[in-house]
There are 2 protein chains.
Amino acid sequence: MSETYPSAERVYRELRRRIMTWQLPPGTALREVQIAADFGVSRTPVSQAIQRLRADGLIEPRGRRGVEVRRWSQRDLEDTYRMRANLEAWAARLAAERSDEVDLARLRTLADEMSELARVQPLDHERIAELNIEFHELVRSAAGSHRLVEALTTVVHIPLLHRVFTAFTPRQVIATCQEHHTIIDALQAGDADWAESITRAHILAALNALKGPRGLFAEVERAG
Amino acid sequence: MSETYPSAERVYRELRRRIMTWQLPPGTALREVQIAADFGVSRTPVSQAIQRLRADGLIEPRGRRGVEVRRWSQRDLEDTYRMRANLEAWAARLAAERSDEVDLARLRTLADEMSELARVQPLDHERIAELNIEFHELVRSAAGSHRLVEALTTVVHIPLLHRVFTAFTPRQVIATCQEHHTIIDALQAGDADWAESITRAHILAALNALKGPRGLFAEVERAG
DNA sequence: GGGCGGCATATTGCATGCAATAGCGGGTAC
DNA sequence: GTACCCGCTATTGCATGCAATATGCCGCCC
């Protein structure tokens, strides 16, 4: 984690992190000179990082000059979750057919920690989101398909994931944790159908929460 | 088409095109100075283009220095086609619910032209591939989901698509064209289930051909 | 003759400078 | 008072130069 990266890589990762966590909310303008000054580098690596963020779809042109953090529409979010439900359900199917005890043990650790946090009020949304992301990334990697991991990274790396739990009631957070345990059960049973369907349901439930009365769409629409 | 782009954009598009069409086959080393000389620009826009290609997953680090065109494994290709089958089937479902007569007319034109070419020996694989790509892109855009188009572009932009028909028997090429017409029928009927299932079958058939005796895997393996 | 070390070179990462341009603000004319 | 025009500045695109570093070759030593 404390590894040292080339400047361009470091700038890219940090900017992406800030966008994903909404430290840089949608619509924020990114100016090369200012970012370069912030990171203590020249404009060259910053420019390269911005190119990559553009390729990722995380930032978009701002009028005729400069770029800004992408503003997501409700439709973008809904479509993203539906694609994610498809791909991640498939990942769970593959994982059910090949995950080993090491994967399962790690998944259990994550799910247990998340379950404990779900019982603590007020909810630590940030930490819960991190554990949730880590859980799903682990399922994907347990599927053993490099391409699938790549595709899901691209499809999913939408800032929303880091905020999804603010849209959840405490009850829904607990339900989410239980679903994680169910996914683990399905993987352990090696039941591909079960793993696929519970995972799809799990992600569509998150989508439903996002569309609900506490949902993020209003906030996103406001920002957009 | 003859629009003038900034240097970095132009270099990116042209390099990507060459990679997709195998003018730059897997394993080819890309050196900034040489590319810069070819395009008559400096190394800066070339470097940015290479960053984007890396983000796309089209090129990968070459040992400790430089980059090369990505070598695809058989597993990469199979997984790509399975993800594509999922996402593109969903696109067809959406398209069935909303495509209009303009879309359908354009799809018919493409499918008709492709059918005619399928009867001409020897097969013009290059042109057939272009029409096929255009057909599927049009279905995706008819789905009306910007996110879906983005995701499929990323998932699908694997060089193989431009070569898939060399793995097909003339008989299979004709079958492909008939499937395109069937997809159009399903869209016109507004039958989402039909559109989804015929599209999934269509893409899995292509995968099967790729895995067959005339398949590309051997060639890819040789290149990789 | 083979292996190892060092140098020359190829190649990239980054900084900086220059040119182009879009947007803005002020000043002036009507 | 308003509208238009001109120039200024902020900002980006691109070129070039410099430094770091891997790589391969050649000679030397064992």
Engineer: Verify, without hydrogens or angle tests, whether A:Gln172 (side chain) and A:Thr169 (backbone) share a donor-acceptor contact under 3.5 angstrom.
Structural biologist: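 Yes, because the side chain of A:Gln172 sits within donor-acceptor range (under 3.5 Å) of the backbone of A:Thr169.
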
Engineer: For the side chain of A:Arg65, starting at C-beta, report the closest nucleotide among C:dA20, D:dC14, C:dC14.
Structural biologist: C:dA20

Engineer: Atom CD of B:Glu32 and atom P of D:dC14: how far apart are they, to the nearest Å?
Structural biologist: 14 Å

Engineer: Let me know the distance between CD of A:Glu68 and C1' of D:dT11, rounded to the nearest Å.
Structural biologist: 15 Å

Engineer: Would you say the side-chain atoms of A:Gln48 and B:Gln51 include a donor-acceptor pair closer than 3.5 Å?
Structural biologist: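 Yes, side-chain donor-acceptor contact under 3.5 Å.
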
Engineer: Which residue lies toward the 5' end of DNA chain C, B:Val67 or A:Val41, if each is placed at its nearest nucleotide?
Structural biologist: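 In this pair, the answer is B:Val67.
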
Engineer: Show the atom names and distances, to 0.1 Å, of all donor-acceptor pairs under 3.5 Å that link a side chain in residues 141-152 of chain B to residues at least two apart or in another chain.
Structural biologist:
unit_1	atom_1	unit_2	atom_2	d
B:Ser141	OG	B:Leu138	O	3.2
B:Ser145	OG	A:Asp79	OD2	2.5
B:Ser145	OG	B:Leu148	N	3.1
B:His146	NE2	B:Glu150	OE2	3.2
B:Arg147	NE	A:Thr80	OG1	2.9
B:Arg147	NH1	B:Glu150	OE1	3.0
B:Arg147	NH2	A:Val155	O	2.7
B:Glu150	OE1	A:Arg70	NH1	3.4
B:Glu150	OE2	A:Arg70	NH1	3.0
B:Glu150	OE2	A:Arg70	NH2	3.4

Engineer: Using a heavy-atom cut-off of 4.0 Å across all strands, would you classify B:Ile50 as base, sugar-phosphate, or nothing?
Structural biologist: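 No contact at all - B:Ile50 keeps every heavy atom at 4.0 Å or more from the nucleic acid.
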
Engineer: Could you work out how much the helix from C:dG1-D:dC30 to C:dC30-D:dG1 bends, comparing the axis of its first five pairs with that of its last five, to 10°?
Structural biologist: 0°

Engineer: Under 4.0 Å from OP1 or OP2 of D:dC14: is there any side-chain N or O of B:Ser7 that close?
Structural biologist: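 Yes.
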
Engineer: Kindly give the atom pairs (protein nitrogen or oxygen, nucleotide nitrogen or oxygen) under 3.5 Å for nucleotides 17-19 of chain C.
Structural biologist:
none

Engineer: Have A:Ser73 and A:Asp76 got a donor and an acceptor in their side chains that come within less than 3.5 Å?
Structural biologist: yes

Engineer: Whole angstroms only, please: what is the CZ-C1' distance between B:Arg31 and C:dG13?
Structural biologist: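 Those two atoms, CZ and C1', are 18 Å apart.
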
Engineer: Ignoring hydrogens and angles, does a donor from either the side chain of B:Thr44 or the base of D:dT16 sit under 3.5 Å from an acceptor on the other?
Structural biologist: yes

